[in-house]
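In what follows, a structure is listed as structure tokens, so that the remarks can point back to it.
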Amino acid sequence: MTEDKFTNIFRLPHSIQIRIGKWQQTFRGTSDIVLHQALQVRNSKFRNHKLSPTGWHVGLFHADDISITHHGKYIQTAMRTMVDRKVGYQRIYLSTIPLEQAEPALIEFKKEWIQKHNRVAKKYNQIKLKEFMSYAFEEVDTLYPSLPKGQFDKQLWNRLVTSELGQAKKFNNPFFVKRAAIKQ
């Protein structure tokens with residue numbers, strides 16, 4: 001047995017351990033049979049959506065987690081643009097809209113963005129999990145590490161945004177919000 005590194009699998013002096021986030025499981029022995037069993041257990045955790053592979057998925061946002069910061073002359077909220085997922089800010093200047101109207105408008109704006117972002121993210125996560133699992137099953141068959149390091153696939157994300165939400169020119173903001181757009 002070679003001392004190759006498998007994702008989330010760690011070789012201890014007399015055992016093999018799976019560590020995914022806070023969850024872990026230890027198997028006695030270091031033979032190929034034990035390694036095969038550990039790889040199968042790891043794969044079942046990912047396949048059943050109990051745990052997500054790091055770097056292979058995009059986190060979903062929840063409407064409860066909306067935060068608005070006050071900066072004196074304006075209020076803002078941070079979110080990611082739909083194309084390329086870059087960090088951006090939606091601001092409302094209090095000189096154009098009073099605070100009593102600006103804050104609910106910003107919350108509605110972000111709620112619409114969350115709904116659209118999560119729609120694309122769920123498709124992205126399904127595709128990336130399928131890709132991840134094909135590599136993971138190959139590892140079980142060959143007992144050789146074949147999982148590449150997980151990283152964000154910008155081209156896939158942008159393709160999904162276009163297919164799910166439409167072209168960027170249909171929207172007047174990079175967050176693809178139309179219904180709750182803020183008029184200043």
Side-chain angles (χ1 to χ4, degrees), residues 7-8 19-24 42-43 45-136 147-184:
T7 303
N8 301 109
R19 289 185 225 143
I20 307 171
K22 293 181 180 179
W23 180 84
Q24 68 180 23
R42 178 201 66 185
N43 292 351
K45 289 293 183 188
F46 289 133
R47 188 176 47 237
N48 296 335
H49 302 286
K50 291 187 172 144
L51 300 167
S52 298
T54 303
W56 287 84
H57 73 288
V58 170
L60 302 178
F61 291 95
H62 303 287
D64 306 343
D65 300 336
I66 295 175
S67 68
I68 295 174
T69 54
H70 297 260
H71 296 276
K73 295 182 180 186
Y74 62 90
I75 60 173
Q76 75 177 14
T77 187
M79 54 188 117
R80 292 188 173 269
T81 61
M82 289 308 260
V83 176
D84 295 342
R85 286 194 84 234
K86 294 180 181 173
V87 174
Y89 300 94
Q90 179 62 38
R91 289 189 178 130
I92 297 180
Y93 288 92
L94 299 176
S95 59
T96 60
I97 301 173
L99 181 63
E100 301 79 39
Q101 294 172 352
E103 204 162 318
L106 199 54
I107 289 171
E108 285 305 310
F109 186 91
K110 187 136 184 193
K111 280 183 181 178
E112 184 178 339
W113 173 81
I114 287 172
Q115 180 261 330
K116 289 182 176 187
H117 177 275
N118 288 349
R119 189 168 120 199
V120 175
K122 285 176 185 174
K123 287 237 186 212
Y124 177 88
N125 291 344
Q126 285 175 344
I127 292 168
K128 291 302 276 184
L129 182 63
K130 190 174 181 179
E131 183 184 337
F132 175 86
M133 292 310 297
S134 69
Y135 286 118
L147 270 170
K149 185 171 172 45
Q151 58 191 70
F152 179 67
D153 186 348
K154 196 185 305 186
Q155 284 81 23
L156 173 62
W157 177 267
N158 291 342
R159 229 179 18 254
L160 289 171
V161 166
T162 303
S163 71
E164 287 290 310
L165 306 174
Q167 295 291 330
K169 59 187 170 194
K170 283 179 31 183
F171 302 94
N172 62 356
N173 58 58
F175 308 110
F176 285 37
V177 174
K178 208 168 205 161
R179 267 191 344 252
I182 299 167
K183 287 133 182 103
Q184 291 188 7

Are the side chains of [Y] and [X] in contact, using a 4.5 Å heavy-atom criterion?
| X | Y | answer |
| --- | --- | --- |
| M79 | V87 | no |
| D153 | Y124 | yes |
| I127 | L160 | yes |
| L129 | H57 | no |
| K128 | F132 | no |
| I92 | Q76 | no |
| T69 | I75 | no |
| N8 | R19 | no |

**OP:** Report the C-alpha separation of L165 and R119 in whole Å, then their side-chain angles, then the decisive distance to 0.1 Å, and conclude whether the side-chain contact (heavy atoms from CB on, under 4.5 Å) test is met.
**Re:** CA-CA 9 Å; L165 306 174; R119 189 168 120 199; 3.8 Å; yes

Please report the closest heavy-atom contact between [X] and [Y], naming both atoms and the distance.
| X | Y | value |
| --- | --- | --- |
| F46 | I20 | CZ-CD1, 3.7 Å |
| P148 | W56 | O-CZ2, 3.4 Å |
| A121 | V58 | CB-CG1, 4.1 Å |
| I114 | A63 | CD1-CA, 4.0 Å |
| L60 | K122 | CD1-CE, 4.0 Å |
| K170 | K178 | O-NZ, 3.0 Å |

Subject >> D84 side chain vs K86 backbone, donor-acceptor pair below 3.5 Å >> reply: no

**OP:** Give a yes or no answer on whether the side chain of R85 reaches the backbone of N158 with a donor-acceptor pair at less than 3.5 Å.
**Re:** no

Subject >> Centroid separation W113 to F61 less than 6.0 Å >> reply: yes

Subject >> Modelled atom types, side-chain donor and acceptor of K110 and T77, under 3.5 Å >> reply: yes

**OP:** Report the relative orientation of the aromatic rings in W157 and H117; use parallel for angles under 30°, tilted for 30 to 60°, perpendicular for over 60°.
**Re:** tilted

Subject >> Ring-face cation of K73 near Y93 (centre distance under 6.0 Å, axis angle within 45°) >> reply: no

Original post:
What do the steps show when you test I68 against E103 for side-chain contact (heavy atoms from CB on, under 4.5 Å), and what is the final call?
Top reply: CA-CA 8 Å; I68 295 174; E103 204 162 318; 3.8 Å; yes

**OP:** State whether the number of non-hydrogen atoms from other residues, nucleotides or ligands found under 6.0 Å of F152 atom CZ is greater than 12.
**Re:** yes

To the nearest 0.5 Å, how far apart are [atom1] in [X] and [atom2] in [Y]?
| X | Y | atom1 | atom2 | answer |
| --- | --- | --- | --- | --- |
| K149 | T54 | NZ | OG1 | 8.5 Å |
| N43 | M133 | CG | CE | 4.5 Å |
| L147 | T7 | CG | OG1 | 4.5 Å |
| R91 | T96 | CZ | OG1 | 13.0 Å |

